[in-house]
Amino acid sequence: MSTEEQVREFGRVWAAAEERGDTEVLAGLAADGFRLVGPLGFVLDRDQWLARYSGGALVTEKLDWAEVEVRDFGTTAIAIGVHAQVAKHQGNPVNGRFRATHVLVRDEDRWRLAGIHLSPIGGPPPFAPAGAGR
């Protein structure tokens with residue numbers, strides 16, 4: 001199986017675990033030193049990332065990981081795609097559509113998630129040259 005196929009399968013397993021709030025599977029997918037950079041710039045370490053689901057604080061009803069481009073750097077893979085979620089945190093909607101970068105590292109014979117960076121998807125800034133960002 002190619003790196004791209006492995007990373008895409010990893011993404012399916014990850015998204016399904018997020019939808020189930022399955023911290024056991026998520027813990028197994030995350031590398032030591034994992035970091036998530038949220039869409040507003042906050043940073044979560046591995047334990048904080050997993051703790052989002054404790055006590056029902058976060059409920060992810062749907063998570064779609066699509067339009068994924070995988071770049072293979074040997075023992076590291078970068079997957080850039082669109083992360084669309086329907087979720088609630090402490091009862092408040094946290095729905096969103098983000099450009100997401102996943103950094104995966106090879107750990108012996110499997111991939112582990114070292115980082116996720118979420119960025120809101122918007123148009124080009126008003127000062128960008130005509131046609132930029134299209």
Considering residues at least two apart in sequence or located in another chain, which fulfil the salt bridge (Lys or Arg N to Asp or Glu O under 4.0 Å) criterion with [X]?
{"X": "R20", "value": "D22"}
{"X": "R8", "value": "E4"}
{"X": "E18", "value": "R52"}
{"X": "R99", "value": "none"}

Who passes side-chain hydrogen bond (donor to acceptor under 3.5 Å, both in side chains) against E9, sequence neighbours left out?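 Scan of E9 (side-chain hydrogen bond (donor to acceptor under 3.5 Å, both in side chains), adjacent residues dropped) gives R12.
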For S54, side-chain hydrogen bond (donor to acceptor under 3.5 Å, both in side chains) partners two or more places apart: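 So S54 forms no side-chain hydrogen bond (donor to acceptor under 3.5 Å, both in side chains) with any residue.
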Let's go through E61 and E19 carefully: what are the C-alpha distance in whole Å and the side-chain angles of both, what is the deciding distance for side chain to side chain contact (heavy atoms under 4.5 Å, CB included) to 0.1 Å, and is it a yes or a no? CA-CA 6 Å; E61 297 171 22; E19 287 180 340; over 6 Å; no
Distance-minimising heavy-atom pair for [X] and [Y]:
{"X": "A31", "Y": "A114", "answer": "CB-CA, 4.2 Å"}
{"X": "F34", "Y": "L36", "answer": "CE2-N, 3.7 Å"}
{"X": "W65", "Y": "G11", "answer": "CD1-CA, 3.8 Å"}
{"X": "L29", "Y": "W14", "answer": "CD1-CA, 3.7 Å"}

My understanding is that only residues two or more places apart in sequence, or in another chain, count here; which of them pass side chain to side chain contact (heavy atoms under 4.5 Å, CB included) with A27?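 A27 satisfies side chain to side chain contact (heavy atoms under 4.5 Å, CB included) with R46, L50 only.
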Under the side-chain hydrogen bond (donor to acceptor under 3.5 Å, both in side chains) definition, can you give me all pairs with a residue in residues 111-123, not counting sequence neighbours?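 Pairs touching residues 111-123 that pass the test: Q6-W111, D107-R112.
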How is the hydrophobic cluster of I121 composed, in terms of its other members, when Ile, Leu, Val, Met, Phe, Trp and Tyr link through side-chain heavy atoms under 4.5 Å apart, directly or indirectly?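 Hydrophobic cluster check, I121: joined to V82.
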In the hydrophobic clustering that connects Ile, Leu, Val, Met, Phe, Trp and Tyr at side-chain heavy-atom distances below 4.5 Å, which members other than M1 occupy its cluster, ordered by chain and number?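 Result for M1 is none, singleton.
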Under 3.5 Å donor-acceptor pairs involving side-chain atoms of residues 68-76, not counting sequence neighbours:
residue: D72; atom: OD1; partner: G74; partner atom: N; Å: 2.8
residue: D72; atom: OD2; partner: T3; partner atom: OG1; Å: 3.0

May I have the list of side-chain donor-acceptor pairs in residues 85-96 shorter than 3.5 Å, sequence neighbours left out?
residue: Q85; atom: OE1; partner: H83; partner atom: NE2; Å: 3.0
residue: Q85; atom: NE2; partner: V94; partner atom: O; Å: 2.6
residue: N95; atom: OD1; partner: A87; partner atom: N; Å: 2.9

Side chain to side chain contact (heavy atoms under 4.5 Å, CB included) between V59 and Y53, intermediate numbers included: CA-CA 7 Å; V59 175; Y53 288 108; over 6 Å; no
Atom CD of E24: over 12 foreign heavy atoms under 6.0 Å: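 Open: at most 12 neighbouring heavy atoms sit under 6.0 Å from CD of E24.
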